[in-house]
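Right, one structure below, let's go through it.
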Amino acid sequence: MTEKVRAPFAGLVPPLGPSPQHVAIIMDGNGRWANSQGLPRTAGHEAGEISLMDTIAGAIEAGVRYLSVYAFSTENWRRSPAEVRFLMGYSRKVLRARRDELDSWGVRVRWSGRRPKLWTSVIRELEVAEEQTKHNHTLDLIMCLNYGGRAEIADAATKIVSRVVKGELKPGQISEKTFASHLYLPDVPEVDLLIRTSGESRFSNFLLWQCAYAEMSFVDLPWPQFRREHLWDEIAAYAGRERRFGGAVDKVRQ
Ligand code: IPE
Ligand code: IPE
Ligand code: MG
C-alpha cells in the first residue's frame, strides 16, 4: 500500500520571506539511517519516499517553482549490484505509484541525467511521467537519475563541438550563455538554495554549473527523517541571507 502524504495546501505555510525559485536537494543518509535502526540499507531508500513526497508538497506550499532532487549519481554504479538493482527497481516503482498524485498537485516531472547504463524500464517510466505531467506548471520536479555534474558539462562540450564542426557555431561565439544553453535542461534557472541532508558537506558532483552562486545548507538529519517543516526552516534561513554575486556595498557602522 502506498502511504498517503498530506497534499499541498496554499495558506498552511508560515510566512518565510522571499522563496528561492530553484531548490536542489542531495537526499543523503538513507543507508546509515537504516543501519542505525538495525535495518538493511534498502529500508532507508524505501523510507525516503515519504520524505520526498512530503518535501515536494512543502515546496509547493512555500512557492518554490523548481525542485531538483538527486536520486542516483553517475558514481552510484559503484555500489553493490544488489543495491543498484534495488535503487533502479524502486525508482521505477515510485515513479509509477506517485505519478497520479504528483499530477493532481500540478507537478511537472522531468528527468535530468545520462541515458547510457540507466535501466531502459526506468527511462520508460520517467518518460511516461513526463508525458502525463507536461502541461503542469505549479512546480517542476527534476529527478536527477544517473546524473553527474561533470558528465553534464562534458556532454554540453560534446554538443558544442559537434555544432562547431557542422559550422553552426564559431569557436569565438562560445560564451557562458551558449554553454548553459547546451546543458540537459537549459530552461531551468540556476540553483538558489542547495540542501544536503545527513551532515556531509560536499557536492558529490551535483549540479556543478548551476550551483555557482547557490546558497548552501547542510542539514544534520538523515534523509528519511526530513519533512516539509525542515525545508521551510532552510527557506526561512535563506530569506535572511544577503546574496552579493560578487558585488559589494559600503555599510559603515554609525
Ligand atoms: C542517499 O542515501 C541515496 C542514494 C545515494 C541513492 P545513501 O544511500 O547515500 O545513504 P548513506 O549516505 O550511505 O547513509
Ligand atoms: C550523493 O550521495 C548522491 C545521491 C544522493 C543520489 P552519495 O552518498 O552517493 O555521495 P558520497 O559518496 O557520500 O559523496
Ligand atoms: Mg550517501
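Counting starts at 1 for both ligands and their atoms, in listed order. If you're wondering where the values come from, they're calculated on a predicted model, not measured in any experiment.
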Q: Spell out, as yes or no, whether a donor-acceptor pair under 3.5 Å connects the side chain of Glu242 to the backbone of Gly240.
A: no

Q. Does Arg78 come within less than 4.0 angstrom of ligand 2, counting non-hydrogen atoms of the residue?
A. no

Q. Side chains of Lys117 and Thr74: closer than 4.5 Å at any heavy-atom pair?
A. no

Q | 4.5 Å side-chain heavy-atom contact, Arg110 and Met143 | A | no

Q | Of Leu207, Ile25, Asn205, Leu194, the residue whose pairing with Tyr70 passes side-chain contact (heavy atoms from CB on, under 4.5 Å) | A | Asn205

Q. Looking at the rings of Tyr184 and Trp111, which for Trp means the six-membered one, are their centres under 6.0 Å apart?
A.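 Between Tyr184 and Trp111, the centre distance exceeds or equals 6.0 Å.
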
Q: Classify the side-chain pair Arg196/Ser204 by whether it contains a donor and acceptor separated by less than 3.5 Å.
A: yes

Q. For Phe245, what are the other residues in its hydrophobic cluster, where any two members join if their side-chain heavy atoms are less than 4.5 angstrom apart?
A. Tyr213

Q: Would you check if the Mg ion (ligand 3) lies under 2.8 Å from any N, O or S atom of Glu200?
A: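 False for Glu200.
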
Q. Is any NZ, NE, NH1 or NH2 atom of the basic residue among Lys93 and Glu46 found under 4.0 Å from an Asp or Glu carboxylate oxygen of the other?
A.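 Looking at Lys93 and Glu46, the cut-off is not met.
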
Q: Just give me the atom name: the N, O or S atom of Asp28 closest to the Mg ion (ligand 3).
A: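 The Mg ion (ligand 3) is closest to the Asp28 atom OD1, counting only N, O or S.
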
Q: Give the atoms of ligand 2, by number and element, whose distance to some non-hydrogen atom of Arg202 is under 4.0 Å.
A: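 Near Arg202, meaning under 4.0 Å from one of its heavy atoms, ligand 2 has 11 (P), 13 (O), 14 (O).
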
Contact table ligand 1 N or O to protein N or O, d under 3.5 Å:
from: ligand 1; atom 1: 2 (O); to: Gly29; atom 2: N; distance (Å): 3.4
from: ligand 1; atom 1: 2 (O); to: Asn30; atom 2: N; distance (Å): 3.2
from: ligand 1; atom 1: 8 (O); to: Arg41; atom 2: NH2; distance (Å): 2.9
from: ligand 1; atom 1: 8 (O); to: Arg79; atom 2: NH1; distance (Å): 2.7
from: ligand 1; atom 1: 9 (O); to: Asp28; atom 2: OD1; distance (Å): 3.0
from: ligand 1; atom 1: 9 (O); to: Arg79; atom 2: NH2; distance (Å): 2.9
from: ligand 1; atom 1: 10 (O); to: Asn30; atom 2: N; distance (Å): 3.1
from: ligand 1; atom 1: 10 (O); to: Gly31; atom 2: N; distance (Å): 2.9
from: ligand 1; atom 1: 12 (O); to: Asp28; atom 2: OD1; distance (Å): 2.7
from: ligand 1; atom 1: 12 (O); to: Gly29; atom 2: N; distance (Å): 3.4
from: ligand 1; atom 1: 12 (O); to: Arg32; atom 2: NE; distance (Å): 3.4
from: ligand 1; atom 1: 12 (O); to: Arg32; atom 2: NH2; distance (Å): 2.7
from: ligand 1; atom 1: 13 (O); to: Arg41; atom 2: NH1; distance (Å): 3.0
from: ligand 1; atom 1: 13 (O); to: Arg41; atom 2: NH2; distance (Å): 3.1
from: ligand 1; atom 1: 14 (O); to: Gly31; atom 2: N; distance (Å): 3.3
from: ligand 1; atom 1: 14 (O); to: Arg32; atom 2: N; distance (Å): 2.7
from: ligand 1; atom 1: 14 (O); to: Arg32; atom 2: NE; distance (Å): 2.8

